[in-house]
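Here the structure comes first, spelled out in structure tokens, and everything after it is commentary.
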2 protein chains.
Amino acid sequence: MKSETRKDEIINTAAKLFKDKGYSAVTMRDLATAMGIKAASLYNHINSKQDILKEIIIDIAEAFTNGMSIIIASEVSNISKLKQVVALHVNITASNTNGMASLNNDWMHLEDQLDYYLKLRNEYENNFLKIIEEGISTAEIKQTNAEVIMFSMLSTLRSLYLWIPKKEDLNADDLANNLSEVLIEGINV
Amino acid sequence: MKSETRKDEIINTAAKLFKDKGYSAVTMRDLATAMGIKAASLYNHINSKQDILKEIIIDIAEAFTNGMSIIIASEVSNISKLKQVVALHVNITASNTNGMASLNNDWMHLEDQLDYYLKLRNEYENNFLKIIEEGISTAEIKQTNAEVIMFSMLSTLRSLYLWIPKKEDLNADDLANNLSEVLIEGINV
DNA sequence: GTCTATAACACGATAGAC
DNA sequence: GTCTATCGTGTTATAGAC
């Protein structure tokens, strides 16, 4: 495990603050205070506040893209692919809870990288929808509105960052299995 | 239908802007420009930026509280109550899409009313959870983790504000039924 | 790597004219 | 009800000493 650089410390501290108040409401002074230094000293390690946001979001967005490309290439049932998608979200969120808050809530404050982020997100959602549509066409999944299914699953998966920290005791695999069951098999007897 | 006052216009315009960029990133000058007036003129109708946020959020939060108290008092099955909760979210969100964004994303920027908002939210979630737990104890609902079920349903329902505007053609009742089916009966055959 | 000092500008809000 | 002008403060970021 490579040791955390000063820059990494700043980015991780920023992600924590962004989670609580959002990118726009966190000042460089807030961040400096949380680091125990003065605001001007931050600029010895990072170029701008915007750069911090970019590093937080783009890293995670690319992790989702990479994970999805492995899933769609795998030769399993579409239901299995959906379960892998659930596990992908659980794993990424568990390893970077604070960053997920910025990805979900502050992506619109990206400047130079906004178009790139939106491109990755659109591709991700298209792949997700395709899995559901193929599942319906092979009769693995009920003949329902595919977009409603994706919306529902994705809403839950995107909210995981709020929930995982409260359940520290819960194992990531257990949570992924539990969630898969609720999302795929429903809740009624 | 009572005609919209100038104050209402300001609040509705603010809600639209808050939805896109968040409370902190929207300036009073942004809001004034969107209204076609100067920033100073806003203060003839509202007391502060904070007051606008309060009016947006508290109204909606109280609507949820009122809706929930009717649902828990009704003498129907717990599954029926859950379907009523889904319909409550669809209806409130459909009638105030922009305000729902502030409720979800900017509640932490409430000042004087923060404690009151959190009290309403906690009570709401406790009632929601109780319906699920009673449904499990009466064997209407599978023996699963009740909190996982609530988390999943609530995540989807809270994200409706992002989705309803894209589906203008969809009837609110149809959406509520469709969502209830996906959330309660699951997606697999 | 951190500091003090400060530039350059944006912010919420008010005063008072019309 | 809207305007112009402005106050006091907070903002990101830079310069240069240590």
Side-chain angles (χ1 to χ4, degrees), chain A residues 2-58 101-102 105-114, chain B residues 2-58 98-99 101-102 105-114:
Chain A
K2 199 183 159 205
S3 71
E4 206 180 37
T5 67
R6 204 83 177 102
K7 180 174 175 177
D8 291 336
E9 279 186 72
I10 292 173
I11 290 172
N12 291 335
T13 304
K16 203 178 305 174
L17 299 181
F18 292 168
K19 181 187 178 187
D20 289 334
K21 305 207 302 174
Y23 174 75
S24 303
V26 174
T27 70
M28 296 302 274
R29 288 191 239 278
D30 292 336
L31 176 53
T33 301
M35 291 284 300
I37 57 178
K38 296 290 174 182
S41 306
L42 294 169
Y43 291 88
N44 201 51
H45 307 282
I46 52 97
N47 295 318
S48 64
K49 187 184 178 187
Q50 174 65 204
D51 255 25
I52 297 175
L53 185 67
K54 182 197 74 188
E55 297 234 19
I56 293 172
I57 293 181
I58 298 299
S102 299
N105 304 324
D106 286 317
W107 58 266
M108 72 287 281
H109 298 120
L110 284 173
E111 292 165 12
D112 292 351
Q113 315 283 330
L114 179 57
Chain B
K2 196 180 161 212
S3 71
E4 205 179 39
T5 67
R6 203 85 176 100
K7 181 174 175 175
D8 291 336
E9 279 185 72
I10 291 173
I11 289 171
N12 291 333
T13 304
K16 202 179 304 174
L17 298 182
F18 291 169
K19 182 188 178 186
D20 289 336
K21 305 206 301 172
Y23 173 76
S24 303
V26 174
T27 71
M28 296 302 276
R29 288 168 174 83
D30 291 337
L31 177 53
T33 302
M35 291 285 298
I37 59 179
K38 295 291 174 182
S41 307
L42 293 169
Y43 291 88
N44 201 53
H45 308 282
I46 52 98
N47 295 319
S48 65
K49 187 185 179 188
Q50 173 67 203
D51 256 23
I52 299 175
L53 185 67
K54 182 196 71 187
E55 297 234 18
I56 293 172
I57 292 181
I58 299 298
N98 297 324
S102 298
N105 304 324
D106 285 318
W107 58 266
M108 71 287 283
H109 298 120
L110 285 171
E111 292 165 12
D112 292 351
Q113 315 283 330
L114 178 58

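Every chain is numbered from 1 and lettered A, B, ... according to where its sequence line falls, protein lines coming before strand lines.
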Go through residues 9-37 of chain B and report each residue with a non-hydrogen atom lying under 4.0 Å from DNA chain D, sorted by number. B:Ile37
Could you pull out the closest heavy-atom pair between A:Ala14 and A:Ile52, with the gap in Å? CB-CG2, 3.5 Å
Sub-4.5 Å side-chain heavy-atom contact between B:Arg6 and B:Ile46: no
Residue-level proximity of residues 43-52 of chain B to DNA chain D when a heavy atom falls under 4.0 Å: B:Asn44, B:His45
NZ/NE/NH1/NH2 to OD/OE distance under 4.0 Å, A:Lys54 and A:Glu111: no
Distance check, rounded to the nearest 0.5 Å: A:Leu31 atom CG versus A:Met28 atom CE? 6.0 Å
Determine: side-chain N/O of A:Ser41 to OP1/OP2 of C:dC3, distance under 4.0 Å, yes or no. yes
Would you compute the distance between atom CG of A:Asp106 and atom CD1 of A:Ile57 and round it to the nearest 0.5 angstrom? 6.5 Å
Rounding to a whole Å, what distance do you find between B:Lys38:NZ and C:dA15:C1'? 18 Å
Give me the ring orientation class for A:Tyr23 and A:Phe18: parallel if the planes are under 30° apart, tilted from 30 to 60°, perpendicular past 60°. perpendicular
Distances under 3.5 Å between protein N/O atoms and the N/O atoms of nucleotides 16-18 of chain D, please, pair by pair.
none

Smallest separation among heavy atoms of A:Ala34 and A:Thr13, with atom names: CB-CG2, 3.7 Å
A:Ile58 side, atom CD1; A:Leu110 side, atom CG - distance, nearest 0.5 Å: 5.5 Å
From A:Glu4 atom CD to A:Ile10 atom CD1, the distance as rounded to the nearest 0.5 Å: 10.5 Å
Step by step, work out the side chain to side chain donor-acceptor pair (under 3.5 Å) result for B:Thr5 and B:Asp8. CA-CA 5 Å; B:Thr5 67; B:Asp8 291 336; 3.2 Å; yes
